[in-house]
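Here the structure is laid out as structure tokens; the discussion comes afterwards.
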Amino acid sequence: MDMVIAENLGKVFPTAEGGEKRAVDGLSFAVGAGQIYGLLGPNGAGKTTTLRMLSGLMAPTFGRASLAGYDVTEEPSQVQRVLGFLTANTGLYQRLTGRELLVYFGELHGMDRSTALARADHLIDWLGMAEFAELRCGTHSTGQKQRVNIARALIADPPILIMDEPTLGLDVLSNRIILEFIRRERDEGKSIILSTHYLDEAESMCDKMGLLHAGRLVAEGDLVSLQKHTGEHHLSDIFLSVIDAEKTTGAFA
Amino acid sequence: MFLRRRMITIYKKELTEVLRDRRTLIAMIVVPIALYPLLMLGSIQAVTTQGASLEVEDFIIGVISERDQRYVGWQIMRDTEFLERQQNGSSEKELKQFPKPLKNWKVSQFLSEKRLRQAIQDRVIQVGVVIEEVAPLDDPSRQSRIVLFSDREEIRSVTAMQRLRSMFVRMEERTRDERLRLKGLPETFVTPFEISSVNLAAPSSVLGQILPLILILMTITGAIYPAIDLTAGERERNTLESLMVTPVPVLDIIVGKFLVVTTVAIMGATLNLGSVTATVWFGGFNEIIADEGGGVPIGKMGVILLCLIPFAVLMSAIMIAVSSYARTFKEAQNYVTPVILAVLIPGGIAALPTTRLEGVMLVVPVGNMVLFAKEMLLGVPIPWWQTATVLLSTTLYASAAVAVAATVFGQESVVFADAASWKSTLSRKFIKPTKRPAVSLALLLVALLFPVWFFVQTAMQPGPDEDAAAVLRGTSTWMPLLFVVLPYLILLYAKVDRKESFQLGSPPLGGMLAALLIGVSSWVIAHEFSVLQSMVIAVPEELKGSNERLVEALRALPIWQVLIVLAVVPAFCEELLFRGFLMSGLKGAAGKWTCIITSALVFGVFHFMFIKLPVTAFLGVVLGYICWQSRSIWPSMLTHFLHNGLLAMIAIHPKLLAVVGVDVEAEATHLPIYIIVVGVMVFALGITIAILLKRSKASALRHGLIPST
């Protein structure tokens, strides 16, 4: 069963000059259970806007999307119940400790305090956060912060995970812990959407990839089919060749 | 507001964070506990020591002849002797009250009056004297003439002049007494009258005037920082997105945050108040202030603290609404400054000694709270309905502000500063059609209409010789414009479904039947209600008078006009606004009874006849229930029309009821028991039918009244 479905999803923003900009332009894709779907593309391709529409944070201008059968515009609060969302460059509450933060989000997801505490303990153990879980988040290093953030997204044990740049700016060690963790979640049957700049990471992690350019999906498939389709071996080359084929230019960041 | 579990979760977390913040602690605890006492001690001491030193300082008097020099010197000596004789045997405290002798003042001679004036202007000397004539003691027909020179801009010159002047006044009194004694006349010969006045102001007056304004400032100071930190700060630190993606309604988040800001504002203001009180009390300054006409009213601190709560509620709501707009801390601070100024204007007007809690001031936001606190402190008796108006209107403004904050806070363009601009919020092109108005829109419009409607009502209040019928015609012009046309246009612009918002769908037959039964019987209930109430609370005489004038004017009108003005227009407009627009808006955020009761209270408050508040609110509940049960505005309009129409008919044609043996002229009497029994039975039957209006699950779903899962 497809846990995440987007059909002809689109978002139009007004521009400062009074015109319109199609940030996302008719996107359709689906993610099944136990699958990691990579949403890849240069800056401004519309990745973050897509993820925000999927999470119910932003209303689509046209098209529709659903998570676990719940429509994102009709039932945003149901969508948010089944979703763990790790936003890009997300901040933490500086004056709460890691554990307090996890319990807070657990309670916001409707868990009672003791359940939230138990789940927080479990995640702290799992993500190797024991040494800093009692410290205030303001004192954490980048890698520690990101681990707290991932634990926060997972606190209610949601069946669907959306992760926007989960490894941005992390050292090798934190990077490995987090990627391992995402794989383990996938193996437990979760549907995961991963948006990333690191193409090698995408190659090794994703079961299926969608290449996004100027708000549109220019190619989709697993690595093998993409290689076959373009005749290129590396994902970066695949990407460039697809964009060239679209006869558009754009720097790949 | 109904507290939901997650509001409490948010409240606890935000309070923990705020209290862990060093900046809050400094602003809230260190500033009031350390800074205010120091500032107060410092300034009071500076003022008093300066004043005191001028009272004992020695000045230089300028004269322009040797004769004057000798004369002034001689008079100073005599005055000093006189004062010292008087002070003999006085206690130390009494001694303080005595004027200080000019014993050590210097008298120096100048060559001309011009030089003398110049010396005062150059501040070489403080005061100048020219003795124009000295009258002999024993010639009562002659007068001594003395001219004093001083510089009004110079405090030392002014003090010197005053002290010298009072010396000459003492001299005059002695001369007068001596002249009377020589003629053998009593003192009353020159003072045939003694006129004295008694000040009845409570000793706290001076402070009572300014304290409310100080309270506003204290509360604002307490609310600003957490309000910005909890809204704009959340966005600036990139934590907002994670919060918005939790399955918690934005309104709950904002209410939780608003409660924290209110708590901090109250805590801060309490500490401030406590600190000021303690400083004045233990610092021994109460006597100094009391000299000026009133000390700190320690006994009234409880009252002040109670007044602080609605203050803090309104201020926190406004601050949260304003800073919800902002994306950064700095931006929020820019928004807050003009708001504080805007708040201080009504506050300042209210603090003026001549402003009273009456008329439009009863509903002016902030202004009415300041006046309320002021009159409480001054000990002015406040009738219960004024208290109710002030508190209910403040509640209305505060909830509108919170609802606006919730909408703004959840707005895409605000959550994602990078993605869109305000254009997308305000431009109609990007507004998505919705079924019902947002809570914030509904509450904001009603909150803004409230003072406007009050103003319209007050402006059209008939004087003793004005045509009451013209007033009613005025009302029936304004009411459709403000209650129907304005909301309609707003809904049109915001692409909100008008049919759904105003509940214009066709009613079930049972709904109309229930409405009919309730409509023909509710006047009995309302009448008995008023009679019972009048046993507890007397109806003010002026209200009876204006009622009589109204009835008289109505009798002169054709019946159809009376019905239009009193029944058709109010039933149509008030139902569309309160049961339609407002209740549909509230549905988005609250359950059945919260919607019905809130809209009924607002409906009651909008009548401004506070003696009738309980009965109008009760009717509001009945009308709201009918509308809710039948999911249509038409039944409640019918009930409203019948109720108003019947009461109007009875009022102008009492003979109608005489047929059934009722004397309605005697207003505050019970109806005959059989009328009451029949009325209550019909009413109960109507309500029963309304209760039985069971909605099928499908239709409830269609109306979005129950969630689909």
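Both the backbone and the side chain of B:Leu243 come within contact range of chain A, judged by heavy atoms closer than 4.5 Å. If you measure heavy-atom distances from A:Leu83 to chain B, the contacts under 4.5 Å come from the side chain alone.
Across B:Val245, B:Thr16, B:Asn238, the residue that shares the most heavy-atom pairs under 4.5 angstrom with chain A is B:Val245. With respect to chain A, the highest number of heavy-atom pairs below 4.5 Å among B:Val248, B:Ile10, B:Ile253, B:Asp21 belongs to B:Asp21.
Residues of residues 117-127 of chain A lying under 4.5 angstrom from chain B, judged on non-hydrogen atoms, do not exist. Of residues 95-109 of chain A, those residues lying under 4.5 Å from chain B by any heavy-atom pair are A:Arg95, A:Leu96, A:Thr97, A:Glu100, A:Tyr104, A:Phe105, A:Glu107, A:Leu108, A:His109.
Atom OG1 of B:Thr9 sits about 12.5 Å away from atom CE of A:Met111, to the nearest 0.5 Å. Here the CD-CZ distance, from B:Glu17 to A:Arg136, works out to 9.0 Å after rounding to the nearest 0.5 Å. Here A:Ile155 contributes atom CD1 and B:Thr246 contributes atom OG1; the two are 13.0 Å apart, rounded to the nearest 0.5 Å.
Heavy-atom minimum distance, B:Pro247 versus A:Ser77: CB-O, 3.6 Å. Closest approach of A:Leu57 to B:Glu241, counting heavy atoms only: CD1-CG, 3.6 Å. Closest approach of A:Gly110 to B:Arg6, counting heavy atoms only: CA-NH2, 3.2 Å.
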